[in-house]
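Read the structure below first, then the notes.
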Amino acid sequence: MGCKFCQTPVFCNKPNIISLESIERVLAYYKQQGINVVLIEDENFGCNRKHADAVVELLDKYQMVWGCMARADYLRNKIDDWADMREKNGRKVAGFGGAAIGIENLHQERLDQMKKKEGTEDILETVRMLQARGLGTVGYYMIGFEEDTEESLREDIAKLAALKLDITQICVITPLPQTPMWTEIEEKFGIWDHDYHHHDGKHMVWNHPHIRPEEFPKILDWSFKKVHPWSAPIRTSGRVWSNAYRYGGWAGVKEVFSYITRANKFDWNAGLRLLDVSGN
């Protein structure tokens, strides 16, 4: 899409689809193993809309509960259709469960600076549509724009917290090598920290004009506390359990409970040993 901060075009300048046959083999195997939840963690989901639609049909065919990472402009046209599929053919428990969206910032001029090619209000409308349907919401947000100050960030984070997302990821703006953002920041401000262990979205590695690098860990700390208050897990849990009962009755509640118990019993060491034996 041309966002200045994104490193994906550096190593993959043209998205390639995974064949539907391959995806179906995976879903069939998941179903055999009792795995009923799929998360599509690919920011390019929806770029090939015909292929994405076919993937959604497969997810529905195998009665998966699923969510995806996608652009707001793509989601807005799909939320109602995907949510309605939950009731198709009497299968009420499985289906679209929510989405992760790159909000990035609440100021339109900053989205324009990054060539985000989306409107702030359009993004927020997509969030409201998801929440109105009782669907999960994950938002990605950036701090550390050159205009940011500690005072302005407190105001912005308060507005971000008011969205009441289920999960909010906040990252310090980090210029990644070979991106347009790297070139611009290097030329305008200078990048002082070239230890790539610090290029993780949690450290300020360039000369910010208003906030010292050592202040950002503290800013992140109070930002996360603001967007994830003690009530957030209760709010999200209430939505999940109420939806489970709404769409599936006690069978739906039992299904969600099974996810929790199986996840807590999963033996990660045994899984790693299995991977070692298989050579994958």
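Computed from a predicted model, the values in this text were never measured in an experiment.
- With respect to Arg71 and Asp122, no salt bridge is recorded, no charged nitrogen being found less than 4.0 Å from a carboxylate O.
- Among pairs with a residue in residues 158-177, those fulfilling salt bridge (Lys or Arg N to Asp or Glu O under 4.0 Å) read Asp166-Arg239, at least two apart in sequence or across chains.
- Between Ile143 and Leu220 the shortest heavy-atom distance is CD1-CD2, 3.9 Å.
- Under the rule for a ring-ring contact (aromatic ring centres under 6.0 Å, His included), Phe145 has no partner lying at least two apart in sequence or in another chain.
- Evaluation of the ring-ring contact (aromatic ring centres under 6.0 Å, His included) rule for His199 yields Tyr196 as partners, not counting sequence neighbours.
- Aromatic pair Phe216/Trp222: centroids not less than 6.0 angstrom apart.
- Considering every non-hydrogen atom in both Ile157 and Ser223, the closest pair reads CG1-OG, 3.6 Å.
- Listed by first and then second residue, the side-chain hydrogen bond (donor to acceptor under 3.5 Å, both in side chains) pairs that reach into residues 176-186 are Lys4-Glu184, sequence neighbours excluded.
- With sequence neighbours left out, the side-chain contact (heavy atoms from CB on, under 4.5 Å) criterion links Pro229 to Ser231, Ala232.
- Between Thr174 and Met181, the shortest heavy-atom contact is O-SD, 4.3 Å.
- Using modelled atom types, one finds a donor on one side chain and an acceptor on the other under 3.5 Å when comparing Asn36 with Glu255.
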Exercise for the section: Could you walk me through whether Met129 and Leu135 pass side chain to side chain contact (heavy atoms under 4.5 Å, CB included), step by step? Expected result: CA-CA 9 Å; Met129 289 176 66; Leu135 298 165; over 6 Å; no
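- Qualifying side-chain contact (heavy atoms from CB on, under 4.5 Å) partners for Asp42, counting only residues two or more places apart in sequence or in other chains: Ile40, Asn44.
- Atom CZ in Arg25 sits 6.0 Å away from atom OG in Ser19 (nearest 0.5 Å).
- Cluster partners of Met69 are Val138, Tyr140, Ile167, counting Ile, Leu, Val, Met, Phe, Trp and Tyr whose side-chain heavy atoms approach within less than 4.5 Å, directly or via other members.
- If you take CG on Asp148 and CG on Leu153, they are separated by 4.0 Å, rounding to the nearest 0.5 Å.
- A salt bridge is absent between Arg154 and Glu151: the closest approach of a Lys/Arg side-chain nitrogen to an acidic carboxylate oxygen does not fall below 4.0 angstrom.
- Between Ile35 and Met64, the shortest heavy-atom contact is O-CE, 3.3 Å.
- By the side-chain contact (heavy atoms from CB on, under 4.5 Å) test, Asn16 is found to be paired with no residue, residues two or more places apart in sequence or in another chain being considered.
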Handout entry: Trace of the side chain to side chain contact (heavy atoms under 4.5 Å, CB included) decision for Ile219 with Glu150
Key = CA-CA 8 Å; Ile219 293 172; Glu150 288 196 51; 3.9 Å; yes
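- Heavy atoms only, all atoms of each residue included: Trp82 and Phe45 are closest at CH2-CE2, 4.1 Å.
- Using a 4.5 Å heavy-atom threshold, the side chains of Met204 and His198 count as separate.
- Judged by distance alone, with hydrogens and angles left aside, the side-chain atoms of Gln131 form a donor-acceptor pair with the main-chain N or O of Leu163 at under 3.5 Å.
- Note that the CD1 atom of Ile170 and the CE atom of Met142 stand 12.5 Å from one another [nearest 0.5 Å].
- Although no hydrogens or angles enter the test, the distance criterion places a donor-acceptor pair under 3.5 Å between the side chain of His208 and the main chain of His210.
- Val26 is not listed as a side-chain neighbour of Val38, based on a closest heavy-atom distance of 4.5 Å or more.
- Between Asp200 and His197, the side chains place no donor N or O within less than 3.5 Å of an acceptor N or O (distance only, hydrogens not considered).
- By the 4.5 Å heavy-atom criterion applied to side chains, Leu106 and Ile123 are not counted as neighbours.
- Here Arg76 contributes atom CZ and Thr126 contributes atom OG1; the two are 4.0 Å apart, rounded to the nearest 0.5 Å.
- Using a distance-only test at 3.5 Å, with no hydrogens or angles considered, no donor-acceptor pair links the side chain of Trp241 to the main chain of Val256.
- Paired with Leu165 under the rule side chain to side chain contact (heavy atoms under 4.5 Å, CB included), one option of Ile103, Val227, Ile101 passes, and it is Ile103.
- In the hydrophobic clustering, where aliphatic and aromatic side chains (Ile, Leu, Val, Met, Phe, Trp, Tyr) are joined below 4.5 Å either directly or transitively, Trp230 groups with Ile234.
- Aromatic ring orientation, Phe96 versus Trp66: tilted (interplanar angle from 30° to 60°).
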Handout entry: Pair Thr168-Phe224, side chain to side chain contact (heavy atoms under 4.5 Å, CB included): steps then yes or no
Key = CA-CA 8 Å; Thr168 307; Phe224 281 122; 6.0 Å; no
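- In this structure the side chain of Asp84 reaches within 4.5 angstrom of the side chain of Arg133, judged on heavy atoms.
- Expressed to the nearest 0.5 Å, how far CG of Asn105 lies from OG1 of Thr120 amounts to 7.5 Å.
- Partners of Glu121 under the side-chain contact (heavy atoms from CB on, under 4.5 Å) rule, at least two apart in sequence or in another chain, are Leu124, Arg128.
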Problem - Criterion side chain to side chain contact (heavy atoms under 4.5 Å, CB included) on Cys171 and Gln169, from CA distance to verdict - result: CA-CA 7 Å; Cys171 288; Gln169 182 193 72; 3.8 Å; yes
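- Take Tyr30 and apply the ring-ring contact (aromatic ring centres under 6.0 Å, His included) test, not counting sequence neighbours, and it matches no residue.
- Here the CG-CD distance, from Leu59 to Gln63, works out to 12.0 Å after rounding to the nearest 0.5 Å.
- Counting only heavy atoms from C-beta outward, the side chains of Lys50 and Asp53 never approach each other to under 4.5 Å.
- Closest heavy-atom contact between Glu147 and Ser152: O-OG, 4.3 Å.
- Looking only at side-chain heavy atoms (C-beta outward), His228 and Pro233 stay at 4.5 Å or farther from each other.
- Under the ring-ring contact (aromatic ring centres under 6.0 Å, His included) criterion, Trp192 pairs with no residue, sequence neighbours left out.
- Arg49 has its side chain within reach of Tyr74: a pair of non-hydrogen atoms, C-beta onward, lies under 4.5 Å apart.
- Using modelled atom types, no side-chain atom of Glu104 and backbone atom of Leu111 make a donor-acceptor pair closer than 3.5 Å.
- Between Glu146 and Lys188, at least one side-chain nitrogen of the basic residue sits less than 4.0 Å from a carboxylate oxygen of the acidic one, meeting the salt-bridge criterion.
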